[in-house]
Structures are given as C-alpha cells and as structure tokens.
Amino acid sequence: MQIWRADDGLQQLTQTGTPNEKQLEELLETDPSLLGQQLLVIGRQVHTDLGRIVDLLALDSEGVLHVLELKKEKAPRDVVAQALEYAAWATTLDQDQVRQIHDQYMPDIELEVRATELFGFTPDEVGVQHQITIVASEVDHHVHRVIEYLQGAGVPVNAALFSYFGDGERSYLARAWLVEPTEQAGAQREVSGGRKEPWNGKDWYVSYGSESGIRDWTDATNYGFISAGGGDWYSRTLNSLPVGGRVFTCIPKLGYVGVGKVVGVATTADQVTLMHNGVETKFRDLPLVAGYSHANAEPEYVVPIEWIKTVPMDAAIWEKGMFANQNSACKLRSRFTLDRLVPAFGLEE
C-alpha cells in the first residue's frame with residue numbers, strides 16, 4: 001500500500017506504523033464504516049462455545065453477521081484456522097442467540113431500534129448468513145493463497161489491511177482489501193444462490209405486542225384485527241401488509257397465536273371500522289378490553305383480519321429457531337418456521 005500527496009507535485013507519504021489491536025477495535029467499534037459499509041456493532045469480546053473470544057460482531061443491512069478478528073501487524077498463518085472456527089460457530093447461532101449477544105452488549109436499547117436508526121429498517125432475518133473479516137496490517141503469501149482458495153469455495157472470508165501514514169504533523173489511516181468485497185460477494189452468490197431465503201409471495205409475519213391496558217389478544221381474536229402504535233417505528237411497517245396477504249401473528253416472548261387473511265389497510269384506531277355481528281362498527285365503539293392509546297399521544301393503527309385459526313396466549317406455538325422480529329410486520333421467509341406453523345394451525349399446504 002502506497003500513498004502520494006498530489007497537490008504540489010508528487011510526494012510519497014511515509015508509512016509510520018499500524019494501529020494495535022486495541023486501537024483498531026476501538027476505531028471499528030466507534031465507526032465500523034471503516035470497512036466500507038454500514039455495520040451495526042452488536043458485540044465486543046464475545047465468548048464462543050469453542051473457548052475463543054471474538055473481537056467484534058456486527059450486522060449489515062441484510063442481516064448478515066460479520067465476525068471481525070483483529071491481529072496486530074501481520075496476520076499469522078493460524079489466523080485462517082481461527083477464522084474457520086469462528087465460521088463454524090457463527091453457523092450454529094439462531095436469531096434468538098444473536099439478539100441475546102446484542103442485549104448483553106447494549107442492554108438499554110433493542111436491536112431493532114438501533115437497526116432502524118442506522119439502516120432505516122430492520123432486516124427480515126439476522127444471523128442467517130455470516131461474513132468473516134480478518135483485520136491486520138498485512139498477510140503473508142500463505143494466508144493470501146488460503147483465503148483466495150476458501151473464497152473460491154464459497155467460504156465468506158476476507159482480509160482488511162490497515163496502515164498509518166504520516167505527512168508532517170498529519171497522520172492518515174489507510175485501508176485495502178485482500179479481495180474487493182464486490183468481487184467476493186458475487187462469487188459467493190454463485191455458490192450459495194443468495195443470502196436470503198426466497199419469499200413465497202404471500203406469507204407475512206406480524207408482531208402483536210399484547211400489553212396490559214394498551215393492547216389485548218382477546219380483543220384481536222374477538223373482533224378480527226391486529227394493531228401496533230405508539231410511534232412511527234412501531235406502526236409504519238403495517239402499511240406494507242397487502243389486502244389478501246396471509247399473516248402469522250406472534251406475541252413477543254410467547255410465540256405464534258394466530259393466522260389470518262388481511263381484509264383491510266392500516267388505519268388509525270379513531271378512524272377504522274370493523275365488522276361485528278354483521279354490522280360495520282367503529283373500532284372505538286366496540287366493547288374492548290384494552291384502550292389502544294398511548295401516553296405520548298401517538299396513534300394506534302389497526303389492520304382488519306379475517307382469522308383462519310387462533311389459539312390462546314397460553315397455547316402459543318414456539319420452537320427454538322423460529323423466526324421472530326420486533327418489526328410490527330415483515331415478510332415471512334423462514335421455511336423452518338412455516339414448516340412448523342402450517343401443520344400446527346391445521347392449514348392444508
């Protein structure tokens with residue numbers, strides 16, 4: 001890596017060293033965009049079940065889990081074996097475990113809130129795919145050859161190389177890639193066929209936050225609706241639900257409690273009407289258990305649903321590895337989840 005100043009002829013800058021592991025860790029934790037894309041750090045010094053400690057964990061906007069392994073100066077040959085151990089560990093993590101790692105790192109704010117603040121939305125799935133990045137000042141030709149071989153085989157591993165350069169009293173941090181990420185991503189797509197599970201075009205996930213006094217599941221089942229509100233982040237994804245779409249409704253920390261068909265668009269609780277005993281009735285005129293209002297005066301939004309089947313909260317359907325997301329609504333891509341919910345709710349397919 002060489003850098004020249006070009007404002008008054010060409011003057012080559014002098015390499016003045018490399019950031020140590022702690023400096024790099026702090027720099028990347030503070031601003032992971034140093035790696036060329038928006039990343040949300042969700043863990044630092046994370047212990048694995050293999051007895052190792054991962055320097056940094058992060059998510060990108062597609063929900064890919066980035067495992068960052070930092071090495072002072074030149075990365076030794078055994079760093080590739082270490083990276084493969086991390087890759088093996090990363091593949092064992094389900095979405096709940098990824099969220100638990102985040103909650104230990106940042107317990108006062110939800111992962112979905114931070115993701116929405118950074119990306120403008122929350123990825124449909126988190127941790128389903130992974131990327132290993134070795135961060136160092138340089139790699140020897142043995143490491144270089146092994147990483148290129150692994151990439152050719154579809155293993156998501158790369159190396160980011162950082163160095164300091166000096167120019168009088170100024171210092172600069174420079175970065176180079178062993179393989180340009182765009183080339184690497186293209187090669188991996190050819191091998192893996194893409195990062196996300198395909199969507200079947202009809203099934204949606206809905207998170208129904210049943211909260212005492214605010215929102216009640218018996219209301220939703222009795223009168224045919226789902227709802228969310230209290231702020232734009234909580235309600236805006238309801239607008240994506242299409243009339244005719246099939247929704248699987250999940251109560252956070254309990255499980256799936258209903259499946260139904262969307263029969264109307266998201267409308268505020270003060271304006272929406274629902275069919276009750278064959279009569280179109282204003283939502284606020286129904287004998288509701290909960291209030292569907294918020295202390296911050298933000299509205300509650302209601303989506304009319306024709307239920308296919310519902311179960312009580314104490315009979316919620318849940319199995320480790322099922323899809324869960326704090327977004328009020330998103331596409332349900334998880335084949336694992338659908339393969340369990342379809343028979344559980346007595347659906348035909």
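Everything numeric here is computed off the predicted structure, so don't read it as measured data.
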Ion pair present between D55 and R44, side-chain N to carboxylate O less than 4.0 angstrom?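 No, this pair does not count.
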Residues R99 and E110 bridged, charged N to O under 4.0 Å: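 Salt bridge absent between R99 and E110.
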Can you name the nearest heavy-atom pair linking T273 to K282, along with the distance?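 Nearest heavy atoms, T273 then K282: CG2-CA, 4.0 Å.
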Exercise: identify the closest heavy-atom pair between P312 and V257: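 Shortest heavy-atom contact: O-CG1, 4.2 Å.
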Verify, without hydrogens or angle tests, whether [X] (side chain) and [Y] (backbone) share a donor-acceptor contact under 3.5 angstrom.
| X | Y | result |
| --- | --- | --- |
| T310 | T221 | no |
| D103 | P107 | no |
| S235 | G229 | no |
| N222 | T218 | yes |

If you define the side chain from C-beta out and look only at heavy atoms, does anything of L65 sit under 4.5 Å from L59?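 A side-chain contact under 4.5 Å exists here.
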Pair D270, R284 - check salt bridge (charged side-chain N to carboxylate O under 4.0 Å, His left out), show working. CA-CA 6 Å; D270 292 338; R284 293 297 188 191; 2.9 Å; yes
Only one of L68, L39, L56 forms a side chain to side chain contact (heavy atoms under 4.5 Å, CB included) with T133, so which one is it? L68
Option from V247, T249, L274 for which side chain to side chain contact (heavy atoms under 4.5 Å, CB included) with I305 holds: V247
Report whether [X] and [Y] are members of the same hydrophobic cluster (ILVMFWY, side-chain heavy atoms less than 4.5 Å apart, transitive linking).
| X | Y | result |
| --- | --- | --- |
| I226 | M313 | yes |
| V272 | I214 | no |
| V289 | V311 | no |

Test item: side-chain donor near acceptor, [X] and [Y], under 3.5 Å:
| X | Y | answer |
| --- | --- | --- |
| H47 | R52 | no |
| E25 | Q45 | yes |
| Y105 | E29 | yes |

Atom pair CG (D49) and CD (Q97), whose distance is rounded to the nearest 0.5 Å: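 The CG atom of D49 sits 8.5 Å away from the CD atom of Q97.
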Between Y172 and Y164, is the gap from one ring center to the other below 6.0 Å?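 Between Y164 and Y172, which both carry aromatic rings, the centre distance is not below 6.0 Å.
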Determine whether the aromatic ring centres of residues Y208 and Y256 are separated by less than 6.0 angstrom.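 No - the distance between ring centres of Y256 and Y208 does not fall below the 6.0 Å cut-off.
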Centre of Y149's six-membered ring, under 6.0 Å away, within 45 degrees of the axis: is that where NZ or CZ of R145 sits?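 No cation-pi geometry.
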Qualifying residue, where the test is ring pair (Phe, Tyr, Trp, His ring centres under 6.0 Å) with F225 and the options are W307, W217, Y292: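 Checked W307, W217, Y292 against F225; only one passes ring pair (Phe, Tyr, Trp, His ring centres under 6.0 Å): Y292.
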